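Here the structure is laid out as structure tokens; the discussion comes afterwards.
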Amino acid sequence: MQKVPFIIRDLSIHKMPGFPRGMEAYRDLAPNINIIAGPNGSGKSSTARIIQDLIWRGRVEGVLAESSVVIGGTPWEIKIDAGRKKVQREGADDEITGIPSPDASRRYMLALHDLVIANETDLARQIMRESVGGYDLDEAQIKLGYSSAIKNKGAAEHQKFLKAEANFKETEKKQLELKQQEEMLQDLYREREKAEDARKKLDFYGKVEQFLEANLNYARLSELFGKFPAELAKMTGDEYQHIVNLETEISDCRGEADNAETVATANRERLSLLGLPAGGIDPVVTGELATRVRELERLERDIGEISRKIEEFRVKAAEAIKSIGENPDTTGWDGLRLDDVGNLGRLLQKYHQCLSEKQFYETSYKALSPGNEDGAESDSETIKEGIKILSNWLQEKKSVTGVPGIWVAVLTLAGIASGVLVYLTGLWGLLPVTVAGIIAWMAKPGSGNDLRRKDYEKTGLRQPGDWETENVAGIMELLISELARAERDEQAAQSMELCRDRLAEAEQRLGQVNKQREQMLERLKAIPGIPLEDLKSYDGLYWFLVHAADWQKYNAEVLALTGGRDEATRQKNENLRKFNDLAAGHNAAAVSDAAGANAVLNELIDDITVWKDCTSAIERQNDIIREKKKQMERAAAKLRGIYEKIGIEQGHKERVRELALRLEEFGGVRNDRFAAEITLSDRKKIMESHSLFKENGNIQTLSPDEVPGMIAAFAEQAEKRDRIQEEITRIETNISNVRQCHDLEEALSEKGRASEGLEDLFERNLASVTGQLLVDHLRKESREQNRPKVFKRANVLFNRITQGRYELILDEKAEPSFRAYDTVQRLGQELDELSTGTRIQLLMSLRLAFIETQESALMLPVLADELLANSDDTRAGAIIEALVEISRDGRQVFYFTAQGDEVARWQSFLKTRTGVSSKIIELAGRDSESSMLSRSLHPFESFDLTPDVPGPDGMGRDEYKELISVTRYNIIEDSPERLHIWYLLEDNKLLYECLKRGIKYWGQLQSYLGIGNIEGFDDKSVAGMEQKVILLSRFSEMYRKGRSRIADSEVLINSGAVSGTHIDKVSGKLAELNNDPQKLIAAMRNREVPRFMESRIDELEQFFISGGYIDGRQPLTPHEILLHINAYISTLDLEPSDCETFLKEIVDLPLPGMVKTDARQ
Amino acid sequence: MSIKILVAGDLHLGRSSGGIPGMPEEISTRFTWQRITDWCIEGKADMLLLTGDIVDRNNRYFEALGPLQRGFARLRDAGIKVFMVSGNHDFDVLNQIARGSDYENVRLLGAGGNWELASFEKNGRKVQVAGWSFPRQFVYENPLLSMARLGIDPNHPAIGLLHCDVAAGESKYAPVDVSGFAGKGINAWALGHIHKPIILNQADPLVFYPGSPHAMSAKENGSHGCVLLTVESTGIIRHEPVPMSPVRFETLVVDITGSAGEGDVRARVTRAAAQEAGNMIREQQGLAWVVYDIIIDGEHRTPREAAIWAGSGIEDYRLEIQPGTNVVIRKVESIVRPLIGNLEKLSGESSPAGRLAETILAIGQGRTTPFAEALLSQWNAKFLAINDSPAYQPVKKEVRNADLAGQGMRFIEKECRKLLGELLEQQSPSKQ
């Protein structure tokens, strides 16, 4: 439905808050642009508010306003009065339909501060939802894991593959090495065979060499041996010494025999001097003599000993008799019986015991007899009775004076106890009595006291002075003492009675003893010489009997010993006689005692000894003489034998000596020769038994000098054998082991698995990228086709008011937002990245588009508030242009400002625009502010909202190109959108028209023409330009193949592979390499940027590759490029010459020339 | 009396199958070699023919030779003759073994790239064997062109052994045209190089690739083994496959339409695998491992979740369907479509979902759309960028423009399905 403009023609504000008298009426307002200028407080904001109130609210308290409005050519009247809104059409009440909801009213108010801070996120979100029909592509993308990223070498699957491949390579390498070793085995086997052959020969020729050496040695020794005298063969070496020794022996024997003869002669002479019989003295005789001598000596010792004992007993007998008396007559004492001596001893002991007892009892009795000491006055029983009475008295006395009866009883018991205690313990027993006394003292006699007194007086004991308690107690103490004394006296009397009885018994036993002594004396009196007087006492009798017994014993001993001495003397004399008889037969003198006999015996023994010595000496010397003669004969025979064995005439001892001196040398040579002969024999056998002897039997022809050389050669070869064998064994073992294992198979399997994983990753990556492509295409399509009208309209507006420089895009990320796409830079920019002017243009476009799409029937006025404030010329021009553009469609615009310069800008711009009605209304301020217009006109005289582009004025293309400074196109870096339109437009006027609109690049022009139009362009010319641009694009594509794009630090940052730590170093290196990314990667892999991780280098390289900064393909030659381009040109509706011209103007390259003919033919 | 000849090629000793957890003995090709020799020794074959690439070039030094030589020794002891030719993998290996004097029963034919004829006799009956071996790793010429008259006796059957790349046009592996096998006096050509068993010509002459007797990767799916040639007394040569591979790779499409949730999806996948494998082991004895690549298909309300459900934990899945036979799932791929009532109606909508639906329909019908075209153009660039990326050099694809377009469309269609499912999921009532 065609919308109709809502045009306010007149507006009268009669009353409103802040303006009670209203404002000057606005008359004949322009249908397009109305500039309402005035200082603060002049009513601009109120006017704006009233305009919106008139349209939407209508019920505003305190407002009286009316307006004439033209809607679709029909006049309407709207009045607000007293909070009510009244609408009439052509005089009749009516209602305006098609007005959007009041909520949308704010979008009709374009305030600068709003637009600066606004981002219209809500709108963006709404647009996005509408664009995709309610689907959330982002969510789907995330859930399906779509991404445009190519998984690089850092992927786990790739790492796993690398690891598996490395393992495989390593294992394969080992086996390859082993294979090479296996191939060496045949050579090694041959070498081993040669070495083993050499070893055998070495062994054989070693034996040959030993044989030859032995043979040589034997020959040499044989020759030497033949030079010695023949006698040496018979000698043992000690012959000379033997000869000398034997001659000495013979001489010595002869001397010894002579000496023996001399000694024998001397002994024979000495024998003759002894005068003993020829056979010497019989040893029986000397033995008999010696026995006699020993008997004599014993008898003499016995006689002496007996005599000494006789004398000793005589002395003892004399001493015993002397003890009895002076020279008593002992004649008859020899038969004296002394048996009573023992009885007398026992009797004497009994006598003394009885006498002692008798004396003891007599003394005891005397001691017990009473002396001067006073005895007790009364007996103990009386005293006890007195004590008892007094005690009772004291008890009763106490009872009378208040002492409890129980105490009296206790006292009584104490008294009784005291008696017992004193009786048992002595005075200690008085202690309780004393206590009782004290207690008694405390008592007073009672009524029974008189009776007690009388009883006491009856005892006769000492009476108290008066019967007072103290006195009675004192008497009681005395009685207690008296009681002890009385009891002691009674005990003494009992002991005296006992002593009297015992004394009588002792006297009776003493009498019996005396009777026995008398009987003994009677028997002694019969013996003569007995000193009877001395025997009267018990002691005298005892003395006599004892010493008489001693005399009797000693006297008997003397008599016995004297007989023994006489017998010994007789035996001695008999022995002397026999000794002298025997000794006389051998020229010995008679002797009289043992000493003489002993002397004679010793002399005989000495003679016998001399005889024996001489006799044996003679025999011994004779033996010597005989022995020496035999020895001399034997030595002489040996001497002869030695000479005979050697074969030398006896006596030529010196000759023997000379030969002996050479014998050791001869023996050595002979032994050596013998040993050499054995060695030769052994070595010959060994050599001949060797396996190689037969096939090398020509050893006889070998010179011994040749053999060492041969051996050395064989040794050199042979010594390799073990090493070769070791090597062979090692290789064979390794091969055997490897043949048993499956390492390489497993490594291959692992590599296969890793490869499958990598392929899987490839598939997933491709699926992910495919999905991402799908999502991207759907987004783009939605953006192009499904975007709601508001977006499309905003895009048209935005593109138009930016002269095609920008397009509106919706960034469909999690938080959708609007962005501006720079058609020249081919760069999308966030709102924050835009200049304030562009930002306002974008947001204004959005607002206006929204307004337009919201309006269903009416085109309501837009109110703008100081949008140009602080704007530079370009921005201000853009904003004014935008407002003018929307007013061209019929929408009324009110621009409110307090700034005179803004008014001037409007005026300057509106002068150049036709078909746009405008009106400037100046509101009077509250104070005396001067006119804004007059104040602000001057600064904007030169205000020029159109770009300063010189016209071509008849210039040629190249000349005009110089004038307008056409930007050079970079075939590697620039996109076709960046191509300056000079290259595309041959008509300078048309070019100028574009430049005037700020359109310099193909991107701008394409965008502008896609949305709007410029006079002079038609579809054909546009299609021609498009084909040229595609041609350029194809050319660029081919030219770029294999050629790297330059990169800078910004690219490095965008790669995400270079951290902040390394960015400076990497950027520096990149600059150093003329910004060639390929060289940079090579340098980094060469570690020219220290500590940069390999994985990051891979990532950066991947980024360069995917971003086209590195192209690993082979570059096309210019010829190849031209071939392709010519082929492509053939498909275009362009003349090849035009294409050639077009490309040559752009590409400053040594192209070989374009095909001149039409390829289509 | 017939003569039985077992033909095997491309064993690639020294390698093992991928996609199986751990390194069990059976996944090694030496296990299959042992099985082949056992089979011969058990009296089922009179002669063994090997068509090259018996040893893998990447492991040709020791690990492969041990088992190979042990097998030759066992065959020697059993009196079984072996004729073989070398391929591009073992051109320098088999020659060495054949030169040795330990295996008089083994003969390499055509060493140095010179055709050679040998013969085998049994019970008075004779079979001729002609062969040509790779003299170097790459041979750009057609070896059949150098096949001069070998003196083949037309009265006795003749078998040709050749390692070659048939119908490959330009190839560095002895390119041969299938028509070149005729007229050479050979009754049956046993070829090597292609791992998939193929019969190129049924008779006059019989031309066949026995294929690899041991499946090594998911690319070698289906049954793998040898071919038994029976030379009848009439001179007719019959052929029959002899499955040998202990490993079998299969791709299994599982329709999950109507599945309720994760458990259901997983159950359908595992149940289908178990059932399929169960059928397979009844047909083929000696299978130790059945490895599945699962493709879940059909319609589901949440295709993305269904793919996650089906794929989660597959690395731990292992089912022993009979003693010694395990089933594992190597990977799960999803081509599940979103649950759309009317895709055509949706394609009419001016929305991302409509555009995706339109694209799916078009690709499915072999058509294209401007949207798909634009996508494909960029996809090609992306593919090349990824393919050229240093990270993927080890698995870089040989790019053929014709294939690339088709591959791109498949990728686009697949992602269209996923993305459409995701967008429709956003519109489901539960998400509103």
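Bear in mind the structure is a predicted one, so any value in this text is a computation, not a measurement. Letters go in sequence order (proteins before strands), and every chain restarts at 1.
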Measure [X] against the heavy atoms of chain A and call it side chain, backbone, both or neither at under 4.5 Å.
{"X": "B/Arg70", "value": "side chain"}
{"X": "B/Asp388", "value": "neither"}
{"X": "B/Ala64", "value": "neither"}
{"X": "B/Gln96", "value": "side chain"}
{"X": "B/Leu384", "value": "neither"}
{"X": "B/Arg304", "value": "side chain"}

Output for pair (B/Leu65 CG, A/Glu182 CD), nearest 0.5 Å, gives 8.0 Å
Within this structure, what is the CZ-NZ distance for the pair A/Phe762 and B/Lys397, rounded to the nearest 0.5 Å?
4.5 Å
Using a 4.5 angstrom heavy-atom cutoff, name the option from B/Ser28, B/Gly18, B/Gly66 with the most pairs to chain A.
B/Ser28
Polar side chain donor-acceptor pair, B/Glu63 to A/Gln175, under 3.5 angstrom
yes
Residue selection (most heavy-atom pairs with chain B, distance under 4.5 Å) from A/Ala155, A/Ala767, A/Gly771
A/Ala767
Between [X] and [Y] (salt bridge meaning N to carboxylate O under 4.0 Å), is one present in this structure?
{"X": "B/Arg30", "Y": "A/Glu745", "result": "yes"}
{"X": "A/Glu759", "Y": "B/Lys219", "result": "yes"}
{"X": "B/Arg330", "Y": "A/Glu756", "result": "yes"}

